[in-house]
Amino acid sequence: MAQTAANAIISDLRDRIQHLEGGVARPKTVLPFGVGEIDDRLPGGGLAYGAIHEFAGGGAGAVDGAAAALFVAGVAARTKGKVVWCLARPDLFAPALAQVGLHPDRVIYVEAIKEEFVLESFEEALRFGGLGAVVAETVRLPMVVSRRLQLAAEGSGTIGLVIRRWRRQTEAGDFGHPTAAATRWRISVLPSEPLPVPGIGRARWLAELIRVKAGESADFEIGACDAQGRISHFSDAGNGSGQTYRSIRTN
């Protein structure tokens, strides 16, 4: 009886806090990859909305971030609505994003002269709400800043995608520092998918899920995003069977 009364009091307090904050409870939703081997590793079965997720390139890709950017573009392509992409280095190749499903008509580019302004724009876009996704390319992501960004994402329910890009290879060690991101990924380039005839097959990546809240890390060999932002998982790459599972488009 006492436990029931305590639960009622806690529930009432939560309702009052939400009323004072002027907000309403939002159902927690996720953006699934549609690949069971990956989604099973993620709480709720996908990348959480109302959260920030962190991505970086592996090896030489730590500087150019090309594979990580395409992976993120594929994720953003499978959301609904406009996508805001904040950056300081004007080297993003829009046709490449279109090839993985993120059409230029959906993207609003915010080019800043300083990295600090990139993070400010990223936060403002997250707070705005009503967007499919918000992307930011940044070198640094301090814990305090990442917490503020996480709160902004939680407030609007928008998914935030942070691409970590360094100016030199030696700076990549910063990726080991803790942040408030719900998941942390490293995307590295692998040899392309073999073909039965001479030629270049579909690009392949090693997607390392380095950190996930309430989950365990894992590695996945995947086929690069297709024209709808979908990936495929090489489920049995070790014995050369080549069996793949293709992800789904959510919109």
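The figures here come from the full heavy-atom set of this structure, side chains too, leaving out hydrogens, waters and symmetry mates. Quantities reported herein were computed from a predicted structural model and do not represent experimental measurements. For this chain, numbers begin at 1 and follow the sequence in order.
- Between the Lys82 side chain and the Asp105 main chain, a donor and an acceptor come within less than 3.5 Å of each other.
- Considering Glu54, Arg164, Gln150 in turn, Glu54 is the only one that fulfils the side chain to side chain donor-acceptor pair (under 3.5 Å) rule with Thr179.
- Taking each heavy atom of Gly201 and Ser192 in turn, the nearest pair found is O-CB, 3.5 Å.
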Using the rule given for side chain to side chain contact (heavy atoms under 4.5 Å, CB included), can you reason through Leu102 versus Trp85, listing the C-alpha separation, both sets of side-chain angles and the distance that settles it, and then say yes or no? CA-CA 11 Å; Leu102 188 56; Trp85 198 297; 3.9 Å; yes

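- Scanning both residues, Gly129 and Ser156, for their nearest heavy atoms gives CA-CB, 3.8 Å.
- Atom-to-atom distance recorded for Tyr109:OH and Leu87:CG is 9.0 Å, nearest 0.5 angstrom.
- Annotation for Phe128: atom CZ does not count as buried by contact number, only 12 or fewer foreign heavy atoms lying within 6.0 Å.
- In this structure, Asp226 CG and Ser232 OG are separated by 8.0 Å, a value rounded to the nearest 0.5 Å.
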Step by step, would you call Arg41 with Leu209 a side chain to side chain contact (heavy atoms under 4.5 Å, CB included)? CA-CA 9 Å; Arg41 294 280 186 167; Leu209 178 57; 4.2 Å; yes

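- In this structure the side chain of Ser188 reaches within 4.5 angstrom of the side chain of Glu208, judged on heavy atoms.
- Val134 pairs with exactly one of Val84, Ile108, Val83 by the side chain to side chain contact (heavy atoms under 4.5 Å, CB included) rule, that one being Val84.
- Asp39 places a side-chain N or O within 3.5 Å of a backbone atom of Gly34 that can act as its donor or acceptor partner.
- Nearest heavy atom pair, residue Gly160 against residue Phe122, reads CA-CZ, 3.9 Å.
- Taking hydrophobic clusters as Ile, Leu, Val, Met, Phe, Trp and Tyr residues chained together by side-chain heavy-atom distances below 4.5 Å, Val118 does not share a cluster with Ile163.
- In plain terms, the two heavy atoms of Tyr49 and Ile159 that are nearest each other are CD2-CB, 3.8 Å.
- One distance of note links CG of Leu206 with CD of Glu221; it measures 6.5 Å at 0.5 Å rounding.
- Taking every heavy atom of both residues into account, Ala214 and Pro43 meet most closely at O-CG, 3.9 Å.
- Looking at Arg186, its side chain never comes within 3.5 Å of a backbone N or O of Ala56 through a donor-acceptor pair.
- No continuous path of hydrophobic side-chain contacts links Val135 to Leu126 [ILVMFWY only; heavy atoms under 4.5 Å].
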Run the salt bridge (Lys or Arg N to Asp or Glu O under 4.0 Å) test on Glu193 and Arg202 for me, step by step, so that the C-alpha distance in whole Å, both residues' side-chain angles and the decisive distance to 0.1 Å come before the verdict. CA-CA 5 Å; Glu193 183 178 356; Arg202 181 178 181 178; 5.4 Å; no

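- The structure places CZ of Phe71 at 10.0 Å from CG of Leu161, a figure rounded to the nearest 0.5 Å.
- Across every non-hydrogen atom of Val110 and Ser121, the tightest pair is CG1-OG, 3.7 Å.
- Under the side-chain hydrogen bond (donor to acceptor under 3.5 Å, both in side chains) criterion, Thr183 pairs with His53, Trp185, sequence neighbours left out.
- A continuous path of Ile, Leu, Val, Met, Phe, Trp and Tyr side chains, each step under 4.5 Å between heavy atoms, connects Val212 with Ile38, placing both in one hydrophobic cluster.
- A continuous path of Ile, Leu, Val, Met, Phe, Trp and Tyr side chains, each step under 4.5 Å between heavy atoms, connects Leu97 with Leu31, placing both in one hydrophobic cluster.
- A side-chain donor-acceptor contact under 3.5 Å links Arg106 to the backbone of Gly81.
- Under a hydrophobic-cluster definition in which Ile, Leu, Val, Met, Phe, Trp and Tyr are linked whenever side-chain heavy atoms come within less than 4.5 Å, directly or via other members, Phe220 and Val72 are assigned to the same cluster.
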Given side chain to side chain contact (heavy atoms under 4.5 Å, CB included), test Phe33 with Val75 step by step and report yes or no. CA-CA 8 Å; Phe33 286 98; Val75 172; 4.1 Å; yes

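- More than 12 heavy-atom neighbours from other residues, nucleotides or ligands sit within 6.0 angstrom of CZ on Arg89.
- Once rounded to the nearest 0.5 Å, the distance linking CZ of Arg230 with CD of Gln228 reads 4.5 Å.
- No donor-acceptor pair closer than 3.5 Å links the side chain of Arg165 to the backbone N or O of Val139.
- Checked by atom type and distance alone, the side chain of Ser146 never pairs as donor or acceptor with a backbone atom of Ala181 at under 3.5 Å.
- When the side-chain hydrogen bond (donor to acceptor under 3.5 Å, both in side chains) test is applied to Arg127, the partners found at least two apart in sequence or on another chain are Glu123.
- Shown here is Leu195, whose CG atom has more than 12 heavy atoms of other residues, nucleotides or ligands within 6.0 Å.
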Using side chain to side chain contact (heavy atoms under 4.5 Å, CB included), reason through Arg148 and Leu119 one step at a time and then give a plain yes or no. CA-CA 10 Å; Arg148 191 169 66 241; Leu119 293 174; 6.0 Å; no

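- Residues meeting the side chain to side chain contact (heavy atoms under 4.5 Å, CB included) test with Val100, sequence neighbours left out: Leu70, Ala73, Cys225.
- Between the CG atom in Leu47 and the CD1 atom in Ile52 there is a gap of 12.5 Å [rounded to 0.5 Å].
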